[in-house]
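Written out below as structure tokens is the structure these notes cover.
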There are 2 protein chains.
Amino acid sequence: MVAKHELNGLPEDADLRRADSLAREIFSDVANKWAFLIVEALGERTLRFSELRDEVEGISHKMLTQNLRMLERNGLVDRKVHPTVPPRVEYTLTAPGRGLRATVDAMCGWTHEHLGHIEDARRRFDV
Amino acid sequence: MVAKHELNGLPEDADLRRADSLAREIFSDVANKWAFLIVEALGERTLRFSELRDEVEGISHKMLTQNLRMLERNGLVDRKVHPTVPPRVEYTLTAPGRGLRATVDAMCGWTHEHLGHIEDARRRFDV
DNA sequence: CTGGATCCCCCCCGATACTG
DNA sequence: CAGTATCGGGGGGGATCCAG
């Protein structure tokens with residue numbers, strides 16, 4: 001690596017800020033409804049494109065491909081193309097993807113755990 | 001309604017589907033970047049509106065109020081208004097809100113843990 | 001079957017201005 | 001300081017068609 005000590009200011013600061021902005025960027029990518037539902041649907045399984053579309057209720061063709069590309073780009077899903085006809089493409093979570101899945105699972109658990117509380121709070125709020 | 005002879009027409013099914021759609025709805029509400037960042041910023045602390053806006057980098061006035069309303073409506077943050085002049089409004093996570101925070105924390109941890117892997121995957125993907 | 005591309009509409013979100 | 005209202009641009013996201 002190139003020495004960064006020649007720059008003015010503390011080098012660690014720049015690194016930290018860069019890492020943080022990257023983290024923020026990843027967060028923006030991944031913290032969206034469809035990505036979560038896809039990761040959740042994949043779970044431990046390997047699924048084809050069409051299976052995934054059936055599994056994730058209400059997702060459109062476009063959103064599915066878009067999010068799958070995003071997840072693939074970030075190394076969270078593995079995309080395997082079988083050169084057959086008709087084509088067969090299978091998606092699987094990578095190790096980091098399964099890590100993400102754990103946190104999504106936790107959030108799903110949290111949701112179901114607090115369904116009642118939230119429903120009550122809403123009724124109280126919605127005069 | 002039509003009788004469904006060969007289908008599983010058990011009454012619990014309707015309840016389950018209702019709970020699921022509610023869960024899905026909550027998920028859609030909460031699984032967004034700004035909500036996460038707000039929850040993360042609050043943590044164990046109580047913050048005023050303006051403090052929160054400073055804390056959550058890049059958030060606009062509008063998005064902050066909007067998401068705070070949403071979180072309040074779902075009973076995840078407590079909104080306390082001090083009738084002084086100028087007004088002082090403080091936001092705090094409720095118990096369920098802190099539960100959510102735990103999962104968001106986990107996700108932050110996951111993000112930082114895999115920064116390197118993701119960065120590499122991206123470089124490989126972005127020809 | 002998978003995936004890209006195009007059209008198009010709606011709504012998200014930022015900027016600004018105004019109340020209490 | 002906190003919150004609401006309004007307007008306008010950009011992009012999210014659906015429907016559809018075409019290619020491999």
Side-chain angles (χ1 to χ4, degrees), chain A residues 24-42 45-74 76-93 125-127, chain B residues 21 24-39 41-42 45-74 76-93 125-127:
Chain A
R24 170 72 68 104
E25 193 188 328
I26 295 172
F27 216 76
S28 303
D29 263 18
V30 161
N32 91 69
K33 170 188 170 184
W34 290 127
F36 276 16
L37 291 174
I38 291 172
V39 167
E40 186 64 12
L42 274 176
R45 301 175 292 173
T46 290
L47 291 179
R48 308 181 50 171
F49 183 86
S50 45
E51 292 170 333
L52 218 31
R53 187 178 42 199
D54 293 342
E55 205 73 19
V56 181
E57 186 178 316
I59 196 169
S60 70
H61 182 113
K62 186 177 182 178
M63 282 304 97
L64 183 53
T65 48
Q66 206 166 84
N67 278 278
L68 281 174
R69 285 299 155 277
M70 180 273 289
L71 291 171
E72 185 192 358
R73 180 172 113 90
N74 288 309
L76 304 181
V77 303
D78 181 50
R79 178 169 178 270
K80 180 158 197 180
V81 182
H82 295 78
T84 61
V85 47
R88 175 186 188 86
V89 184
E90 293 180 329
Y91 295 92
T92 316
L93 290 180
F125 190 91
D126 301 339
V127 278
Chain B
S21 93
R24 169 73 66 105
E25 193 187 328
I26 295 172
F27 216 74
S28 303
D29 263 16
V30 161
N32 92 68
K33 171 188 171 184
W34 291 128
F36 278 15
L37 292 174
I38 291 171
V39 167
L42 273 176
R45 301 177 292 173
T46 290
L47 291 180
R48 307 182 49 172
F49 183 86
S50 46
E51 292 171 333
L52 217 31
R53 187 178 44 199
D54 294 342
E55 205 73 20
V56 180
E57 186 178 315
I59 197 169
S60 70
H61 184 112
K62 188 176 182 178
M63 282 303 97
L64 184 53
T65 48
Q66 206 166 84
N67 278 277
L68 282 174
R69 286 299 156 277
M70 180 275 288
L71 292 171
E72 186 192 357
R73 180 171 112 90
N74 288 308
L76 304 181
V77 303
D78 181 50
R79 179 169 178 270
K80 180 158 196 179
V81 183
H82 295 78
T84 61
V85 48
R88 176 185 187 85
V89 183
E90 294 181 330
Y91 295 91
T92 315
L93 290 181
F125 191 92
D126 302 338
V127 283

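Protein chains get the first letters and strands the later ones, always in sequence-line order, with residue 1 at the start of each. As a basis for the values below, the full set of heavy atoms in this structure was taken, side chains included, without hydrogen atoms, waters or symmetry mates.
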Between [atom1] of [X] and [atom2] of [Y], what distance do you get to the nearest 0.5 Å?
X: A:L68; Y: A:I38; atom1: CG; atom2: CD1; result: 5.0 Å
X: B:R48; Y: B:Y91; atom1: CZ; atom2: OH; result: 11.0 Å
X: B:L37; Y: B:N67; atom1: CG; atom2: CG; result: 9.5 Å
X: A:M70; Y: A:N32; atom1: CE; atom2: CG; result: 5.5 Å

Check whether any side-chain nitrogen or oxygen of [X] sits under 4.0 Å from OP1 or OP2 of [N], and answer yes or no.
X: B:R79; N: D:dA2; answer: no
X: B:R88; N: C:dG20; answer: no
X: B:S50; N: D:dA2; answer: yes
X: A:R48; N: C:dT2; answer: yes

Between [atom2] on [N] and [atom1] on [X], what's the gap in Å once rounded to a whole number?
X: A:L47; N: C:dT2; atom1: CG; atom2: C1'; result: 15 Å
X: A:R53; N: D:dA15; atom1: CZ; atom2: P; result: 12 Å
X: B:D29; N: C:dC12; atom1: CG; atom2: C1'; result: 14 Å
X: A:N67; N: C:dG3; atom1: CG; atom2: C1'; result: 15 Å
X: B:L52; N: D:dC1; atom1: CG; atom2: P; result: 15 Å
X: B:L68; N: D:dC1; atom1: CG; atom2: C1'; result: 14 Å
X: A:L64; N: C:dG4; atom1: CG; atom2: C1'; result: 14 Å
X: B:Q66; N: C:dC11; atom1: CD; atom2: P; result: 13 Å

**Positive for salt bridge (charged side-chain N to carboxylate O under 4.0 Å, His left out) with B:R45, one of B:E51, B:E55, B:E90** = B:E55
**Asked** Taking the nucleotide of DNA chain C with the closest heavy atom to each, which residue, B:P86 or A:F49, is nearer the 5' end?
**Response** A:F49
**Item:** Residue among A:V39, A:L42, A:L93, A:V30 satisfying side-chain contact (heavy atoms from CB on, under 4.5 Å) with A:L76
**Value:** A:V30
**Under the ring pair (Phe, Tyr, Trp, His ring centres under 6.0 Å) test, residues paired with A:F36 that sit two or more places apart** = B:F27
Can you tell which of [options] lies closest to the side chain of [X]?
X: A:K62; options: C:dG3, C:dC13, C:dC7; answer: C:dC7
X: B:P87; options: D:dT4, D:dT6, D:dC1; answer: D:dC1
X: A:Y91; options: C:dC13, D:dG3, C:dG3; answer: C:dG3

**Asked** So what does B:R69 touch, heavy atoms closer than 4.0 Å: a base, only the sugar-phosphate, or nothing?
**Response** sugar-phosphate
**Asked** Pairing of DNA chain C as dot-bracket, 5' to 3': ( ) intra-strand, [ ] crossing, | other strand, . unpaired, with Watson-Crick or G-U pairs under 3.5 Å?
**Response** ||||||||||||||||||||
**Request:** Can you check whether any acceptor in the base of D:dG3 is under 3.5 Å from a donor in the side chain of B:H61, or vice versa?
**Result:** yes
**Complete:** So ring-ring contact (aromatic ring centres under 6.0 Å, His included) across residues 51-74 of chain B, not counting sequence neighbours, yields B:F49-B:H61
